[in-house]
Amino acid sequence: MSTKAKTRSSYRCTECGWETVKWVGRCGECQAWGSVAEVGAPTMRAAAGPVSTPAVPIGQVAITESVARSSGVPELDRVLGGGLVPGAAILLAGEPGVGKSTLLLEVAAQTARTRQRTLYITGEESAAQVRLRADRTGGVHDELFLAAETDLGAVLTHIEEVRPSLVVVDSVQTIGASGIDGVPGGVTQVKEVAAALIRVAKTRNITTVLVGHVTKDGSIAGPRVLEHLVDVVLHFEGDRNSRFRMVRAMKNRYGPVDEVGCFDLSSEGIAAVTDPTGLFVEHHTQDVSGTCVAVTMEGRRPLLAEVQALLTPSPLERPRRTVSGVESSRVDMVLAVLTRHARLRIAGSDTFVATVGGAKLHDPAADLAIAVAVASSHLGVPAPRGAVAIGEIGLAGELRRVRDLPQRIAEAARQGFKVAVVPRGRALASERGIPTRRVVDGLRVVEVDDVFGALLTLDLTPPL
C-alpha cells in the first residue's frame, strides 16, 4: 500500500507547541498571547509495515539489561528509586547557578570510576571550563570523555564513537538540529533534539541525562511534550543565599515521585546531606519569643524546620505582612483564625514570618507552628523549650490530622525534643476540649482539638 501525504496550513504555539487548525490570538494550552504562528504540517495516511521485533508474552520479556545501577551519589539514587536504569531518559531542570552541572559532573565521574564509560556533552561551556571544575571537584578520570558541541549530528557521532553507558547533555536547549526550522532552544528544535537523543538511548541501552532550563515562574522551558518524552523529570531547587540544595522527582517511571534528595553545594563540589534537620533549626542558648519548630514531610523524609515571627505595632493604616519561606496566603489565613478564634488582637501589627536556613515550607502541617510563633511574638512570651507543633489549621479554628504523624513524632523524639502538640485523632464527645497526653520514646505528645487548645497547652493565650 502507498502512503499519501498532503500539506495543509496549521498553527503552532512557539511557547508550548500546542497546535490548532486555525489562527487564534491566545494559546489554548499555555494561555500566552501572540505566540501562535502558521506552520506547514504534513498529514499522512500510514499503511502497515514491518515490525522491529515480534510481540511476545510480557512474562518472557528479559529485564536483566534494565536493572538499576548506582549513580555513585546515594541521595540521587534515593530520588531515582534505586539508581540509573540503562536506556532511561532523565530530565534535570533548575534555575541558573543552582548546581546542575556540578551535580551531573559528579555523577559522571562516579560512573567513570566504576569502569563505565561516560560521555559529557557541554553546549554552554568550553571543554576547558568543565575541566577546571573537574579538577576542583576531583572528577578527572580516563573513562570520562568530554566534548563541547552544539550540533545534534556531532553529538550523535560522539555517541557512536565513544559508545558510553551514560550520556550527559548540558543542556538540551543549546543543541541544534540542522535542517529543522527554528533556532536552538525553540519548540521545534527542542522536540527534535530530545526525540533523537531518546531514540538513541532506547536502541543502544544508554542512560541519558538532559539538562533543561526553567522559565521565570520555575516551570521547565520548552514544549510540554519534552516532559512526556522522558522517563524521569527532576527539579533541582535551592536558595542562592544557602548552600543547601534539594532534588525533587516530579515524574518517575522507575520509582516513587514523593522522594527528595538533599545536597550541600560548596567550592569543593557537591556532597550528600543525609540528615538535613540541623540546617533549619536554630539552637538558642536562651528562651526567645516568636519561634516554634515544625515537622514537615519532604517526600517520605520528616524534616524539622524552625519558623520565626515578629509582630510590632504598625504606624501605617494598612500594616505590612512580609513572609519568607512560607506561603503568604496560608499566613494570612492563620492570622485571621488567630484573631477570630484565639482572641489575639493582631490586626494593627506589622507581621513578619520567616524560616531558618532558607527552608521552604509547603506542607500544611506547618500551620500550627506558624500560629504558635505569631502568638509567642505578639504576647512576648517564649514557647516552652523543646516543643514542636504539628497540625493543619481549618477556618473554624480546628486542627486537622496530617499524614505520616507517627514518623513526624519519631523524628522529633530522635532530635531530642520534649513535647509535641498534635491534632487529636478520633475521640468521644465527652473528651472534646480535654487534651490527651501520652509518651512516645521520651517525647510527651499532647493531642488537642483546635488552635486555641494548642496555645492554651503552651501557655500562649492572652489574659482575659
Side-chain angles (χ1 to χ4, degrees), residues 15-17 30 68 71 73 75-108 111 118-124 150 152 155-156 159 164-177 184-202 204-215 217-238 245-261 263 299:
E15 295 291 333
C16 67
C30 66
S71 65
V73 182
E75 284 295 297
L76 185 60
D77 292 343
R78 177 191 183 103
V79 180
L80 293 174
L84 300 174
V85 176
I90 303 170
L91 176 64
L92 176 66
E95 294 183 355
V98 75
K100 302 184 298 297
S101 301
T102 303
L103 173 62
L104 293 182
L105 186 59
E106 176 68 17
V107 172
T111 302
T118 305
L119 175 62
Y120 192 103
I121 303 293
T122 173
E124 299 181 346
T150 57
L152 176 61
V155 171
L156 297 178
I159 296 175
S165 60
L166 171 65
V167 173
V168 177
V169 180
D170 186 10
S171 64
V172 68
Q173 275 87 2
T174 61
I175 308 299
V187 173
T188 307
Q189 286 280 346
V190 170
K191 287 171 62 177
E192 179 62 30
V193 170
L197 293 174
I198 293 172
R199 187 162 51 247
V200 172
K202 300 299 183 183
R204 302 288 180 86
N205 229 24
I206 301 173
T207 305
T208 302
V209 183
L210 308 177
V211 176
H213 294 169
V214 296
T215 59
D217 60 356
S219 60
I220 300 177
R224 193 77 178 188
V225 69
L226 178 61
E227 299 178 51
H228 293 286
L229 288 174
V230 298
D231 302 306
V232 182
V233 178
L234 304 178
H235 273 257
F236 205 18
E237 306 170 356
R245 300 290 186 268
M246 296 181 69
V247 175
R248 191 185 307 272
M250 309 303 293
K251 170 188 175 181
N252 192 354
R253 290 174 178 163
Y254 309 113
V257 292
D258 57 351
E259 276 291 1
V260 295
F263 299 91

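- Scanning all heavy atoms of the two residues, the minimum distance from Y120 to A108 falls at CD1-CB, 4.4 Å.
- Between V172 and G212, the closest heavy-atom pair is CG1-CA, 4.5 Å.
- When the side-chain contact (heavy atoms from CB on, under 4.5 Å) test is applied to E237, the partners found at least two apart in sequence or on another chain are H235, R248.
- Panel note: side chain N252, backbone V232; no donor-acceptor pair is recorded below 3.5 Å.
- Among residue pairs with one or both ends in residues 97-106, none qualify as salt bridge (Lys or Arg N to Asp or Glu O under 4.0 Å); sequence neighbours excluded.
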Taking distance alone, no hydrogens or angles, what donor-acceptor pairs closer than 3.5 Å link side-chain atoms of residues 83-93 to residues at least two apart or in another chain?
none

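- Using a 4.5 Å heavy-atom threshold, the side chains of T174 and V169 count as separate.
- Contact between D77 and S71 at its shortest, heavy atoms only, is OD1-OG, 2.7 Å.
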Could you give the side-chain donor-acceptor pairs of residues 188-200 under 3.5 Å, partners two or more places apart or in another chain?
| unit_1 | atom_1 | unit_2 | atom_2 | d |
| --- | --- | --- | --- | --- |
| T188 | OG1 | R12 | NH1 | 3.2 |
| Q189 | OE1 | A177 | N | 2.7 |
| Q189 | NE2 | A177 | O | 3.2 |
| Q189 | NE2 | I180 | O | 3.0 |
| Q189 | NE2 | G182 | O | 3.2 |

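- Side-chain contact between I159 and P164 is present, with heavy atoms from C-beta onward closer than 4.5 Å.
- For the pair R245/F236, a side-chain contact is recorded, criterion being any heavy-atom separation below 4.5 Å from C-beta on.
- The salt bridge (charged side-chain N to carboxylate O under 4.0 Å, His left out) test applied to E227 returns R224, not counting sequence neighbours.
- D231 is linked by a salt bridge (charged side-chain N to carboxylate O under 4.0 Å, His left out) to K202, R253, counting only residues two or more places apart in sequence or in another chain.
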